[in-house]
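In what follows, chains carry the letters A, B, and so on, assigned in the order in which the sequence lines appear, proteins first and then strands, with residues in each chain numbered from 1.
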Protein chains: 2
Amino acid sequence: MLTKKKIPQSTVWRLSQYLNCLSLLSSEKCREISSHELAERVGVKSTQIRQDFHYFGGFGQPGCRYNVGQLIGELEAILGLDKPQNMIIVGAGNIGQALAHYDKFEPLGFRLKGIFDVNPRLFGLKIRGVGVRDVKELPRFVKDHHIRIGIITTPARVAQSVADLLVRIKIKGIWNFSPMNVTAPEGVSMVNENLSVGLMTLSHKIKGG
Amino acid sequence: MLTKKKIPQSTVWRLSQYLNCLSLLSSEKCREISSHELAERVGVKSTQIRQDFHYFGGFGQPGCRYNVGQLIGELEAILGLDKPQNMIIVGAGNIGQALAHYDKFEPLGFRLKGIFDVNPRLFGLKIRGVGVRDVKELPRFVKDHHIRIGIITTPARVAQSVADLLVRIKIKGIWNFSPMNVTAPEGVSMVNENLSVGLMTLSHKIKGG
DNA sequence: TAGATTGTTAATCGATTAACAATC
DNA sequence: TAGATTGTTAATCGATTAACAATC
């Protein structure tokens with residue numbers, strides 16, 4: 001485990017693809033897999049997989065295929081899925097509600113604890129057992145419930161100020177869905193997920209290239 | 001315009017960021033901008049911007065700053081936003097409905113024409129004036145309404161078969177939100193948007209690195 | 001003209017792929 | 001042992017950054 005070699009962003013992205021694929025294989029009672037087989041399934045080169053694993057010291061032994069269960073464990077640990085993480089959503093509009101409904105985060109260990117908004121008409125609304133609360137309660141709530149991740153689904157014009165608030169109350173990571181790039185200081189992780197970018201990328205591809 | 005030099009994916013991604021920023025500037029009556037100012041705002045190096053533009057032959061003249069309006073026009077053309085494109089959504093669940101409600105696609109020229117599902121209880125439901133229809137009507141609808149883009153928001157297990165159907169009926173691009181990587185043959189553009197990947201990436205970042 | 005700025009080539013940096021020794 | 005497979009280094013490829021000539 002010589003994690004100190006600066007992992008490319010693209011490697012982290014692929015690790016989550018590998019994990020997806022391996023989880024499926026595991027549910028089909030597959031116990032072992034070679035880098036070649038996994039590569040085939042995920043659509044990358046086998047040497048890419050071995051190199052990706054190599055950043056973490058490698059997870060197998062020469063001559064033997066990888067153990068699926070062990071691999072899943074290693075990848076989960078790397079991606080921080082080995083222990084549960086509490087999340088909140090700020091902004092109970094369409095995107096916020098859809099993410100609250102989404103049931104693929106929970107099995108990965110991400111637990112939604114609260115949803116916040118400024119619109120009183122939404123207070124009390126429950127989505128999968130999680131209530132919408134007044135954003136004024138947010139700082140207190142984050143402290144009391146050990147919230148590590150904040151998801152921003154507010155309009156663009158307030159996104160940065162929400163992020164600033166989340167930073168102040170010591171949230172660890174921010175996942176921003178507002179159509180405005182948001183920044184956070186060193187020490188707080190940020191992922192900007194501008195939905196329009198995906199569509200524009202698709203549009204450009206269609207044009208031919 | 002020597003478009004034939006193989007544009008990096010990352011460049012296309014940044015072009016959409018530039019466009020975002022420029023649209024905002026334009027609405028603030030900003031008429032000209034240098035690569036340095038734009039770089040500052042978007043958070044990249046100015047030389048990166050000039051290189052990105054260089055792939056398309058460059059949009060300015062040495063000594064003069066870029067014209068904001070012209071730049072917007074050029075970027076829109078590159079990203080295929082210069083003429084409207086019709087879209088449908090397949091899968092009227094949470095994500096599908098949220099995307100149907102989302103109002104940032106329309107100003108970019110993307111027009112949602114229909115939503116499809118297999119659940120009869122959803123038929124007739126209207127979102128922003130667009131109705132949910134039986135997926136059986138899909139092939140006919142796509143032909144009649146010149147649909148170019150299909151958004152998949154179905155459960156994972158049917159995602160590939162929906163994609164195959166969309167390919168058969170000659171859709172040009174597919175934007176897949178199901179948590180399963182979907183493939184399409186040469187000639188049909190694909191963007192896979194696995195939501196869990198963003199969260200896992202964030203989780204990994206939080207762990208420290 | 002002098003200062004600012006772009007376009008464009010070259011240098012650097014980083015990520016992917018190839019090759020192969022080590023191991024089972 | 002022979003065949004398969006990983007770990008790991010080196011080679012290749014591609015993208016970013018630096019440098020500077022050309023231009024206004």
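- Note on B:T47: a base of the nucleic acid sits closer than 4.0 angstrom, heavy atoms only.
- In DNA chain D, runs of at least 3 stacked Watson-Crick or G-U pairs (N1-N3 plus N6-O4 or O6-N4, or N1-O2 plus O6-N3, all under 3.5 Å) give these stems: C:3-24 with D:3-24.
- Within the 4.0 angstrom heavy-atom criterion, only backbone atoms of the sugar-phosphate kind lie near A:Y66; the bases stay farther away.
- Distances shown here put a side-chain N or O of A:H54 below 4.0 Å from the OP1 or OP2 atom of D:dT8.
- Separating the NZ atom of B:K45 from the P atom of C:dG14 is a distance of 11 Å, rounded to the nearest angstrom.
- Note that CZ of B:R148 is 8.5 Å distant from NZ of B:K83, once rounded to the nearest 0.5 Å.
- Note on A:R65: only backbone sugar-phosphate atoms sit closer than 4.0 angstrom, heavy atoms only; bases stay farther off.
- A:E37 places its CD atom 7 Å from the P atom of D:dT5, with the value rounded to the nearest Å.
- Going from atom CD of A:E74 over to atom P of D:dG7 covers 11 Å, rounded to whole Å.
- A:E32 has its CD atom 10 Å from the P atom of D:dT5, to the nearest Å.
- In this model, the phosphate group of C:dT16 is approached by a side-chain N or O of A:R14 to a distance below 4.0 Å at OP1 or OP2.
- Residue A:Q61 places at least one side-chain N or O closer than 4.0 Å to OP1 or OP2 of C:dC24.
- Ring centroids of A:F105 and A:W175 are separated by less than 6.0 Å, placing the two rings close together.
- Judged by distance alone, the side chains of B:N194 and A:N20 do bring a donor and an acceptor atom under 3.5 Å apart.
- Annotation: of the two residues near DNA chain C, B:I33 and B:Q51, the 5′-most nearest-nucleotide partner is B:I33.
- For B:I49 and C:dT5, the CD1 to P distance is 13 Å, given to the nearest whole Å.
- For the OP1/OP2 pair of D:dT6 and a distance below 4.0 Å, the side-chain nitrogens and oxygens of A:S35 include at least one atom meeting the criterion.
- Look at CZ on A:R50: it is 17 Å from P on D:dA10, rounded to the nearest Å.
- Dashed line: the shortest gap from a side-chain N or O of B:Q48 to OP1 or OP2 of D:dT17 is under 4.0 Å.
- In this structure, B:Q9 places its CD atom 14 Å from P of C:dT16, rounding to the nearest Å.
- Atom CD of A:Q70 sits in a crowded spot, with more than 12 heavy atoms from other residues, nucleotides or ligands closer than 6.0 Å.
- In this structure a side-chain-to-backbone donor-acceptor pair under 3.5 Å is present from B:Q85 to B:G80.
- Atoms NZ (A:K6) and P (C:dG14) sit 7 Å apart, rounded to a whole Å.
- Atom CZ of A:R41 has 12 or fewer heavy atoms from other residues, nucleotides or ligands within 6.0 Å.
- Judged purely by atom type and a 3.5 angstrom limit, A:S23 uses its side chain to pair as donor or acceptor with the backbone of A:L19.
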